[in-house]
Amino acid sequence: MTETTTDPRAAAPEPARRYDFAAAEPRWQEAWAARGCFRVADVPTDGRPKYYVLEMFPYPSGKIHMGHVRNYTLGDVVARYKRARGFSVLHPMGWDAFGLPAENAARERGIHPAKWTWDNIAAMRAELQRMGLSLEWEREFATCDPAYYGHQQKLFLDFLRAGLVERKESWVNWDPVDGTVLANEQVIDGRGWRSGALVEKKQLSQWFLRITHYAPELLDALATLDRWPERVRLMQANWIGRSEGARLRFALDRPAEGITDVEVYTTRPDTLYGMSFLAIAPEHPLAAGIAARDPKAAAFIAECRRHGTSEVAIETGEKHGYDTGLRVAHPFVKDATFPVWIANFVLMDYGTGAIFGCPAHDQRDLDFARKYALPVTPVVLPPGADAATFAIEDTAYVGPGTAFNSGFLDGLAVDAAKRAAIAALERAGCGAGEVNWRLRDWGVSRQRYWGCPIPVIHCAACGIVPVPDDQLPVRLPDDVSFDRPGNPLDHHPSWKHVACPACGAAARRETDTFDTFVDSSWYYARFCSPHAATPVDRAAVDHWLPVDQYIGGIEHAILHLLYSRFFARAMRDTGHLGVAEPFAGLFTQGMVTHESYRAADGRWLYPEEVERRPDGATIVRDTGAPVTVGRVEAMSKSRRNTVDPGAIIARYGADTARWFILSDNPPDRDMEWTESGVAGAYRFTQRLFRLAEAAADRPAAPPPASFGPAALALRRATHRTIASVSEALDGFAFNVAVARLHEFANAIAEAERAAATPDLDWARRESVGILARLVAPMMPHLAEDVHARLAPGAPLVAELAWPEADPALLATETITIAVQVNGKLRAAIALPPDTPRDPALAAARAEPNVARALEGQRIAKEIHVPNRIVNFVLGA
RNA sequence: GCCCGCCUGGCGGAACGGUAGACGCAGCGGACUUAAAAUCCGCAGCCCGUUGGGGCGUGGGGGUUCGAGUCCCCCGGCGGGCACCA
């Protein structure tokens, strides 16, 4: 299927010549591949400056979606543009191929995860290749290939030797029926998504990468990432969460299970006088001690375990507590004691797992205090408030102010009060100032089959024993079954039974696999030398890294990018890399959205099932039944508001799809995919082709000695467009580049209507030739076609340098200046560039409309901004 | 709940603090055609006015400025992230 025209009259005796994308696109794709246009060496020696363009590699779900089309089109524009600008461009592609969906397919449909994954890769590779991306396919790899993950195991072992790996306990969501750990997204209303069983928290011994070791560096280096979006840096800074506060000990009124005091971390030591309770996490050792002799406490803790581990679940869930009956002494107030509660909103992972509650100045504490009728004493007085009447209702006061009701702190501003409180704690020997981090170590253990095996062996005698380098990769076994709950690696009859590499005794292989974020934390480095026998070739990464432009979804703003930044540092400290920051430039694209449609019975409908009638009504195409048009939202299978890129490319061609996706709006915002928008983009490809045909029909001749007004005007438009499109592409304003090219096409069409003269003919051929090269990053196939028509036998556009604007043709003769009276527009005057103040003001006053507005008025001020504006400010 | 964004005609958007609405989509009018499609040309923020022109307008409210879509504060709506989805 190519064109949709089946009307026999379309094949009339003199058919209009049309651009046949279906024939042209594969032809140019083959030409690029045959000439090796996009190939670079691992360690180039040609002296060109390097530029590494990388888009986030896809998960091989089976089909590409519009989000991929957008992501890879953006990257391809950058890659092609930088190549034309003289850079040696590295632009690779691969597959983030481990993950849960493959295991789900195995459990639900009996397909082996490896087969499912590799079949999907083959299908998606073919789809990507039809997009005409300037990728170097010779560098392709998939993370599920032992040739990749073996190197990952080597990196892990190097990290282990460098002290960057730790084994510790952590809490997970446990599905007791399926016998598996659940992702937060698999916990729905407290139940496992598949089994429906009530989820429990369970403690497991897991592998952790010590990302917290780099917390200060990861935070400080954000300031150097000046080509990252500010909001991503902000999100990362908040995630790392450096806080200054105090660690302090509260003495228990009576020891419980050998524990005599509770340590608390607080960022608000200035509010200690507002304390009304102390709360510990349900997982706190003291809580366990109390539960041992108090069945009600044990029941409360068990109840807390039935809720999810996610921050959302903890923060939005109703606050519950259990009063242990224990009390603690206040560090500053003699004889004052406060109750110790176990509370479900206290996080064991942050600080010390215990807090002191100051309800007046912390919303969570206030909610808790109101629920259990605990006292609320304000101790920070907002500026201008009256100490006698200031009271807290439903909202905690967290703003600035001065301490009151606070003994020796009274009258101090918040910051000064914090310092004074810390100093007092240190003098009293019960606490000290401390910097704390929100960032936690990265738990990488997953109890799953379809992931990279963690290369260690557990030996009863030797403990944890790394798999020797010469036994890498530790390969996944192929013969696994998914018919039982739990981890297939653990169930495998023989795989885990191995001899200890150290002592030779019977030992057990680690059956956990890595979090798939590990796979994607260093793939950018592997692409520099994808066939190296070591994880990376040092000369190759030294040449290519960091990635100059990384492009992907904002949803990866925190985890993937932070893990990659960590991995680069860990690889640096183990000698694999010379850089700490993997991505010098980052661009985060918006989502692709579409209207959603619902039938009368509530069933979601695919866009191709509905039709919009001329009167505006939307109906089911086959039945004529009415359709409810829903919100425009992210494309998703469940709402069926998806558009298949394969179908779009088959119907309109890759260039049209690329052009529309670039033209619709700025790339960092969400875009709406519309049928009319694609159709418009398609019309433009045909229009451009017709302009090229018309220009190619003009005789080719050497440049004339001089140009008449029409030819000069066209040449000015041509060179202004070179400048404006270059500027737009440099700034990622691809929609603006598209608009400038539309204007340029309009200018060429206008010139086409003028009488043919040799100078104008020459300018027409020049303009269309330049148009082809300016359009090439976005519509590379059509650009080649047009270029080949104008200059048969010339090099490919993909091999040409970017056009240069002639400065002489960029200068203008007049500039339009706005004239305002009291800031209101009253006229526009045309002046030579850089007209000085006095003549500009005189010309402005001479405008009838301005003169009328100024008549009889006193002018208080005259503003003149050269080449921009004149503003007369009238006096009182 | 916490953190981070976004909001401009019917729609997507453009706009170094300096003529708001470039360009496109949809729409309307015209040309071409026996007719239609395709194509080409033109109109178009809203309101008042025959014209010249005037008023109002960038989610709402306030502020800074000669001048605010743009900078600051408050409010509203929509979206992203929250550590085992990728």
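Since this is a predicted model, take the numbers as computed values, not measurements. To find a chain, count down the sequence lines: A is the first, B the second, and so on, and within it residues start at 1.
In this structure, the nucleotide among B:G80, B:C85, B:U19 sitting nearest to the side chain of A:Ala828 is B:U19. Nearest nucleotide to the A:Val312 side chain, out of B:U19, B:C4, B:C82: B:C82. Taking the side chain of A:Ser676 as heavy atoms from C-beta on, and the options B:C7, B:G53, B:A26, the nearest nucleotide is B:A26. Comparing atom distances between the A:Met591 side chain and each of B:G79, B:A83, B:G18 picks out B:G79 as nearest. Distance from the side chain of A:Asp96 is smallest to B:A86 among B:A86, B:C82, B:A14. Here B:C84 is the nucleotide among B:C66, B:C84, B:A83 with the atom lying nearest to any side-chain atom of A:Asp515.
A:Trp442 comes within 4.0 angstrom of no nucleic acid atom, judged by non-hydrogen atoms across all strands. Within 4.0 Å (heavy atoms only), A:Asn822 reaches no atom of the nucleic acid at all. Contact annotation for A:Ser520: no contact, since no heavy-atom pair falls under 4.0 Å across all strands. Among the heavy atoms of the strands, none lies under 4.0 Å from A:Gln186. Here A:Thr816 lies in heavy-atom contact (under 4.0 Å) with a base. Among the protein residues, A:Asn849 comes within range of the sugar-phosphate backbone only, with heavy atoms under 4.0 Å from sugar or phosphate atoms but none that close to a base. Nucleic acid contact class of A:His556 (heavy atoms, under 4.0 Å, all strands): base. Using a 4.0 Å heavy-atom cutoff across all strands shown, A:Val172 reaches at least one base atom of the nucleic acid. Residue contacts shown for A:Phe345 are absent, as no nucleic acid heavy atom lies under 4.0 Å away. Among the atoms of the strands shown, only primed sugar atoms or phosphate atoms (P, OP1, OP2) are found under 4.0 Å from some heavy atom of A:Pro666. Across all strands shown, A:Glu675 has no heavy atoms under 4.0 Å from either base or sugar-phosphate atoms. Residue contacts shown for A:Leu234 are limited to sugar-phosphate atoms, with no base heavy atom under 4.0 Å away. A:Gln363 comes within 4.0 angstrom of nothing in the nucleic acid, heavy atoms only.
Here B:C6 sits opposite B:G77 as a Watson-Crick or G-U wobble pair (both hydrogen-bonding atom distances under 3.5 Å). In this structure, B:C43 forms a base pair with B:G27, meeting either the Watson-Crick or the G-U wobble geometry with both donor-acceptor distances under 3.5 Å. Of all nucleotides present, only B:C82 satisfies the Watson-Crick or G-U wobble test against B:G1, with each distance under 3.5 Å.
With both ends at atom C1', the span from B:C40 to B:A22 equals 22 Å, rounded to whole Å. B:U19 and B:U34: their C1' atoms are spaced 49 Å apart (whole Å). Taking the C1' atoms as reference points, B:C48 lies 27 Å from B:C11, given to the whole Å. For the P atoms, the distance linking B:G17 with B:C6 amounts to 15 Å, nearest Å. Rounded to whole Å, the C1' atom of B:C71 lies 15 Å from the corresponding atom of B:U58. With both ends at atom P, the span from B:C75 to B:C2 equals 12 Å, rounded to whole Å.
Taking the ring centroids of A:Phe684 and A:Tyr682, they lie at or beyond the 6.0 Å cut-off. Here A:Phe732 and A:Phe587 bring their ring centres to under 6.0 angstrom of each other.
A salt bridge links A:Glu743 to A:Arg740: one of the charged nitrogens lies within less than 4.0 Å of a carboxylate oxygen. Under the 4.0 Å criterion applied to side-chain N and carboxylate O atoms, A:Lys168 and A:Asp441 are assigned as salt-bridge partners. In this structure, A:Lys201 pairs ionically with A:Glu283, as a charged nitrogen and a carboxylate oxygen lie closer than 4.0 Å.
Map A:Val736 and A:Gly823 each onto its nearest nucleotide of RNA chain B; the residue landing nearer the 5' end is A:Val736. Judged by closest nucleotide on RNA chain B, A:Glu230 is the one of A:Glu230 and A:Ala818 placed further toward the 5' end.
Side-chain nitrogen and oxygen atoms of A:Arg740 include none within less than 4.0 Å of the OP1 or OP2 phosphate oxygen of B:A22. Phosphate proximity of B:C85 to A:Asn184: absent, as no side-chain N or O sits under 4.0 Å from OP1 or OP2. The shortest distance between the side-chain N/O atoms of A:Asn665 and the OP1/OP2 oxygens of B:C11 is not below 4.0 Å. Contact annotation: A:Arg683 side-chain N/O to B:A37 OP1/OP2 distance is not under 4.0 Å. The phosphate of B:G17 (OP1 or OP2) has no side-chain N or O of A:Arg868 nearer than 4.0 angstrom. Regarding contacts with the backbone of B:A86, a side-chain N or O of A:Thr516 is found under 4.0 angstrom from either OP1 or OP2. Residue A:Arg826 places none of its side-chain N or O atoms closer than 4.0 Å to OP1 or OP2 of B:U19. Put simply, A:Lys824 has a side-chain N or O that comes within less than 4.0 Å of OP1 or OP2 on B:C56. Contact annotation: A:Arg231 does not reach the phosphate of B:C3 (side-chain N/O to OP1 or OP2, under 4.0 Å). Taking 4.0 angstrom as the limit, A:Asn871 places none of its side-chain polar atoms (N or O) nearer than this to OP1 or OP2 of B:G18. Here A:Arg669 does not reach the OP1 or OP2 of B:C6: none of its side-chain N or O atoms lies under 4.0 Å away. Within the structure, every side-chain polar atom (N or O) of A:Arg852 is placed at least 4.0 Å from both OP1 and OP2 of B:G53.
Nucleotide B:G5 holds its P atom 14 Å from the CD atom of A:Gln236, rounded to whole Å. With rounding to whole Å, A:Glu311 atom CD is found 9 Å from B:C3 atom C1'. Per the geometry, CG belonging to A:Asn238 stands 9 Å off P belonging to B:G5, to the nearest Å. A:Phe684 places its CZ atom 18 Å from the P atom of B:A38, with the value rounded to the nearest Å. Rounding to whole angstrom units, CD1 of residue A:Ile240 and C1' of B:A83 are separated by 13 Å. Rounded to an integer number of Å, the gap from NZ of A:Lys202 to P of B:C84 is 17 Å.
A syn base is found at B:G9: its glycosidic angle is within 90° of 0.
Residues that satisfy the salt bridge (Lys or Arg N to Asp or Glu O under 4.0 Å) test with A:Asp512, not counting sequence neighbours, are absent from this structure.
Just one residue in the list A:Trp95, A:Trp450, A:Tyr59 forms a side chain to side chain donor-acceptor pair (under 3.5 Å) with A:Thr117, and that residue is A:Trp450.
Ring geometry for A:Trp442 against A:Phe566 counts as perpendicular: the plane angle is over 60°, on a 0 to 90° scale with 30° as the lower cut.
A donor-acceptor contact under 3.5 Å is formed by the side chain of A:Arg448 with the base of B:C84.
Inspection of the A:Gln589 and A:Glu55 side chains reveals no N or O donor paired with an N or O acceptor under 3.5 Å.
Taking OG1 from A:Thr180 and CD from A:Gln186, the interatomic distance works out to 7.0 Å, rounded to the nearest 0.5 Å.
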